Amino acid sequence: MSWSRRSRPRSETAAADDAGCTVVHVDMDAFYASVAIRDRPELRDAPVIVGGGHRGVVLSATYAARVYGVRSAMSMTRARRLCPQAVVIAPDFACLSAVSAAVMETFRSVTPIVEPLSMDEAFLDVSGSLRRFSSPTAIGEHLRARIADEQRITCSVGVASTPQLAKMASRQAKPDGLVVVPVTEVTAFLHPQGVEELWGVGEKTAAALHRLGLRTIADVAHTPVEVLQRAMGPRVGARLHALAWGDDDRRIVAKRGADEPEHSIGADETFGRDTDDPDVVLRELLRLSTKVAARMRAAHVSGRTITVRVRFSDFTTLTRSRTLGNFTAVTPEIYATAADLFTGLGLQRARIRLVGVRVEGLRDAVVATRQLRLDERPFGWEDAERAVDRAVHRFGRYAVRPATLLEPSVAPSGQSQAP
DNA sequence: TCTGGGGTCCTAGGACCC
DNA sequence: TCTGGGGTCCTAGGACCC
């Protein structure tokens, strides 16, 4: 291997071969599982799976569990079958969020240009930090040491000249390592790998590439871009070809948690048991609408397009959406639209596995409200729901709910209602 | 008892306007 | 009268990521 892999000895001096590498990708190792066991030393070397109970999937598994073939996103049923002795722990999202926030702050102590990709990984643009630190590699080792000391979990780091390469490098560094891809070694690093290792190539795209006889990234690189575009579409084809040569015009954009308004806010829920009862579905749509509207108001956004998603027992999924003439963040309006879209499907005894509600076309609520004023819309609901938000804030989330949600036995996923 | 829940982005067709 | 095109919005679906 011509690129350099480095693990454990964090004090090792920085290599000279990271010149021009200004992107650092940091990825926590088995984040959910590592956090779950860090205060439970007796589980240190045990197979541990973090995941949901009924009808759930594996969110994270320790390396001891992965030995048995357990992978994230795998159904819990399958995971338990592969590793019956595994300790299964439910995720503690409050704790995970706190650890995530602390880790992101550690990143920001090195550079302000930190782009979190999820709770447990981020890109750092370190081009402005090289006066304080001797090299990008030194920054990576610094961060690895600090996170290990402060959070008592390990992470892996990729150092490269582009985000895509840094991301692929950190994957190779796992667990608890650091990999540098020198600018002179980009094709040597990329080309031997399988097409599915490219970021953005999932199961379907990989299968399509395999059908073209393309198995390695080198194969993709040496295929005329027109051929790729014909098979995958103009944009995807062009991007794949570029990535196969290490060209990546993605820029790292500093984002600070909840700052930037999101493009959509939604919620969905898998029923504990498939249902064909429209009343059960409508009640769930109301619950989801309530949840989404509250989250929108908390984020100070309003939206115009409401989408309902329905997944059937055979896993086929369909969506129906409607764009309103006004912006809204109000439960009755979101629910009325969602319910109308659902009943408009005219389903007859179809077995439904999951329903979801999502609101898109989000705008800052202040701007959106001004537009509402021009429409002379009444304000009653907005004010009423703000009062609800305050009550929930004071008395907890079960303080105020729509009357139809107060009936017993409506809890989805077979879980019992919280006290 | 196979297959969660939160998102983003792309594609493609039709409506509508210029 | 016929023909052509571009741009934008809306809807539906699909792929992908963690």
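Lettering follows sequence order; numbering is per chain, from 1. Quick caveat: nothing in here was measured; it's all calculated off a predicted structure.
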What is the nucleic acid contact for [X], judged by heavy atoms within less than 4.0 Å: base, sugar-phosphate only, or nothing?
{"X": "A/Arg78", "answer": "nothing"}
{"X": "A/Leu354", "answer": "sugar-phosphate"}
{"X": "A/Arg239", "answer": "nothing"}
{"X": "A/Gly356", "answer": "nothing"}
{"X": "A/Arg322", "answer": "sugar-phosphate"}

Does any donor atom in the side chain of [X] or [Y] lie under 3.5 Å from an acceptor atom in the other side chain?
{"X": "A/Asp18", "Y": "A/Thr137", "answer": "yes"}
{"X": "A/Thr305", "Y": "A/Thr323", "answer": "yes"}
{"X": "A/Arg358", "Y": "A/Thr319", "answer": "no"}

Using a strict cut-off of less than 4.0 Å between a Lys/Arg side-chain nitrogen and an Asp/Glu carboxylate oxygen, indicate whether [X] and [Y] qualify as a salt bridge.
{"X": "A/Arg322", "Y": "A/Asp340", "value": "yes"}
{"X": "A/Glu269", "Y": "A/Lys291", "value": "no"}
{"X": "A/Asp274", "Y": "A/Arg55", "value": "yes"}
{"X": "A/Arg351", "Y": "A/Asp314", "value": "no"}

Query raised in the report: Taking 5' to 3' order, which nucleotide of DNA chain C is first and which is last to have an atom within less than 4.0 Å of a heavy atom in chain A?
Result: C/dC10 to C/dC18

Report task. By nearest nucleotide on DNA chain B, pick out whichever of A/Ile265 and A/Gly56 is the more 5' one. Result -> A/Gly56

Query - Residue whose nearest DNA chain B nucleotide is more 5′ - A/Arg353 or A/Ser264 - result: A/Arg353

Requested in this report: Mind listing the residues from residues 201-208 of chain A sitting with a heavy atom below 4.0 Å of DNA chain C? Number order is fine.
Outcome: A/Val201, A/Gly202, A/Glu203, A/Lys204, A/Thr205

Query raised in the report: What distance, rounded to whole Å, do you find between the two P atoms, one in B/dC2 and one in C/dC18?
Result: 27 Å

**Report entry** salt bridge (charged side-chain N to carboxylate O under 4.0 Å, His left out), paired with A/Glu115, selected from A/Arg250, A/Arg108, A/Arg251
**Finding:** A/Arg250

**Report entry** Reported OG1-to-CZ distance for the pair A/Thr154 and A/Phe31, which is rounded to 0.5 angstrom
**Finding:** 11.5 Å

Query raised in the report: Below 4.5 Å, heavy atoms only, C-beta onward: do A/His191 and A/His222 meet side chain to side chain?
Result: yes

Query raised in the report: Does CZ in A/Arg235 sit with more than 12 non-hydrogen atoms of other residues, nucleotides or ligands closer than 6.0 Å?
Result: no

Query raised in the report: Could you write out DNA chain C as a dot-bracket string, with dots for unpaired bases, | for bases paired across to another strand, and Watson-Crick or G-U pairs counted at under 3.5 Å?
Result: ....||||||||||||||

